[in-house]
**Q** 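Dropping the structure in here first, questions after.
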Amino acid sequence: MKFSIDELAKNNRSSLGNDVNITVFRLIRFMDLERYLGKAANNIFYECGKTLGRDLNINSIDELVKFCKVYKIGRAEIVSEDPLRIRIYECITCSGLPNVGEPLCYFEGGFIAGCLEKILNKRVRAKETHCAGLGNEFCEFEIKIL
């Protein structure tokens, strides 16, 4: 089943509105999928994010930053151009979570990689180097053009 972002964004919830509490996202992310798929869930989230990023009509890094803010993925900024590093504050996946000794934001990394693949028309890999799961106050992704 495939829907456009416009179809997914339609809001017929007259009393509840369009927003969903971050807890719902995190319950799905960390409890349900990891329970059934183990660490394979991380790869699935990365690939889902990558597919979403490629399929959206995002044509510049500025549009990527704006999309992250509008859809509350987090506040994204470019912190380095060579190598390209993108930082996300208030990340939907991990902001406020404890240090668990590993990065957590596979969806965001895949999303960034997918958007950049569309923008640059090249294969891209995003590796998370900073995360609340590693004890950091932000997420940071190092971008590698393949």
Side-chain angles (χ1 to χ4, degrees), residues 2-11 17-146:
K2 191 163 183 163
F3 299 99
S4 72
I5 192 155
D6 291 331
E7 291 168 322
L8 292 172
K10 284 183 182 175
N11 180 9
N18 207 26
D19 292 337
V20 177
N21 190 295
I22 193 171
T23 304
V24 173
F25 174 83
R26 290 179 177 179
L27 284 169
I28 294 166
R29 168 62 180 98
F30 292 112
M31 298 189 79
D32 289 342
L33 286 180
E34 283 194 5
R35 178 181 356 197
Y36 299 108
L37 300 173
K39 293 294 181 186
N42 295 335
N43 294 332
I44 291 168
F45 268 97
Y46 185 89
E47 291 303 321
C48 286
K50 196 168 192 179
T51 299
L52 175 63
R54 280 193 303 249
D55 287 350
L56 291 174
N57 193 25
I58 293 176
N59 297 303
S60 70
I61 292 177
D62 287 340
E63 288 179 20
L64 165 61
V65 169
K66 182 179 177 184
F67 185 93
C68 287
K69 183 176 182 182
V70 167
Y71 291 97
K72 300 181 183 181
I73 294 170
R75 293 183 301 108
E77 70 176 32
I78 307 304
V79 292
S80 170
E81 291 186 13
D82 190 18
L84 181 56
R85 290 182 181 271
I86 297 177
R87 188 173 288 173
I88 298 181
Y89 295 93
E90 300 181 54
C91 173
I92 188 172
T93 295
C94 75
S95 183
L97 293 180
N99 181 343
V100 294
E102 62 183 284
L104 302 170
C105 304
Y106 294 91
F107 171 79
E108 291 82 353
F111 177 72
I112 290 167
C115 288
L116 291 173
E117 282 188 356
K118 183 172 188 303
I119 293 165
L120 302 172
N121 199 28
K122 296 181 180 179
R123 290 190 57 229
V124 172
R125 183 84 180 149
K127 180 179 182 193
E128 189 172 24
T129 59
H130 295 75
C131 180
L134 295 169
N136 304 112
E137 295 289 322
F138 54 84
C139 300
E140 189 168 302
F141 299 87
E142 184 173 318
I143 310 306
K144 182 178 250 184
I145 298 172
L146 307 174

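All values below come from the heavy atoms of this structure, side chains included, with hydrogens, waters and symmetry mates left out.
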**Q** From Leu52 CG over to Leu56 CG, what is the distance, rounded to the nearest 0.5 angstrom?
**A** 4.5 Å
**Q** Any sub-3.5 Å donor-acceptor pair from Tyr89's side-chain atoms to Ser95's backbone N or O?
**A** no
**Q** Measure the spacing between NZ of Lys69 and CD1 of Ile88 and express it to the nearest 0.5 Å.
**A**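 The NZ atom of Lys69 sits 14.0 Å away from the CD1 atom of Ile88.
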**Q** Kindly give the heavy-atom pair with the smallest separation between Glu63 and Ile58, and that separation in Å.
**A** OE1-CA, 3.4 Å
**Q** So, for Cys105 and Cys131, which heavy atoms are closest and what is the spacing to 0.1 Å?
**A** SG-SG, 3.8 Å
**Q** To the nearest 0.5 Å, tell me how far Leu104 CG sits from Leu134 CG.
**A** 7.5 Å
**Q** At what distance, to the nearest 0.5 angstrom, does NZ of Lys127 lie from OH of Tyr46?
**A** 11.5 Å
**Q** Quick check: do Cys91 and Glu108 have side-chain heavy atoms less than 4.5 Å from each other?
**A** yes
**Q** For residues Ile78 and Ile86, report the shortest heavy-atom separation together with the two atoms involved.
**A** CD1-CG1, 3.5 Å
**Q** If we only count heavy atoms from C-beta on, is the Tyr71 to Ile92 side-chain gap below 4.5 Å?
**A** no
**Q** Is any side-chain heavy atom of Ile61 closer than 4.5 Å to a side-chain heavy atom of Leu116?
**A** yes
**Q** Taking everything shown except Glu102 itself, do over 12 heavy atoms lie less than 6.0 Å from its CD?
**A**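 Yes - once you tally the heavy atoms of other residues, nucleotides and ligands closer than 6.0 Å, there are more than 12.
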**Q** Report the distance from atom CD of Glu117 to atom NZ of Lys50, rounding to the nearest 0.5 Å.
**A**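 One finds 4.0 Å between CD of Glu117 and NZ of Lys50.
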**Q** Starting at CD of Glu142, measure out to CG of Leu84 and round the result to the nearest 0.5 Å.
**A** 9.0 Å
**Q** Does atom CG (Asn21) have a neighbourhood of more than 12 heavy atoms from anything else shown, all under 6.0 Å?
**A** yes
**Q** Is the NZ or CZ atom of Arg75 both under 6.0 Å from the centre of the six-membered ring of Phe138 and within 45° of that ring's axis?
**A** no
**Q** Are any non-hydrogen side-chain atoms of Arg26 and Leu97 less than 4.5 angstrom apart?
**A** yes
**Q** Return the minimal non-hydrogen interatomic distance between Arg54 and Gly114, and the atom names on each side.
**A**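 What the structure gives for the nearest pair is CG-O, 3.4 Å.
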**Q** Measure across Asn59 and Lys118 and return the closest heavy-atom pair with its distance rounded to 0.1 Å.
**A** OD1-NZ, 2.9 Å
**Q** Can you name the closest pair of heavy atoms from Phe111 and Cys68 and give their distance?
**A**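 Minimum heavy-atom contact is CE2-SG, 3.9 Å.
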**Q** Side-chain donor-acceptor pair under 3.5 Å between Ser60 and Asp62, yes or no?
**A**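 Note: Ser60 and Asp62 side chains miss the donor-acceptor criterion.
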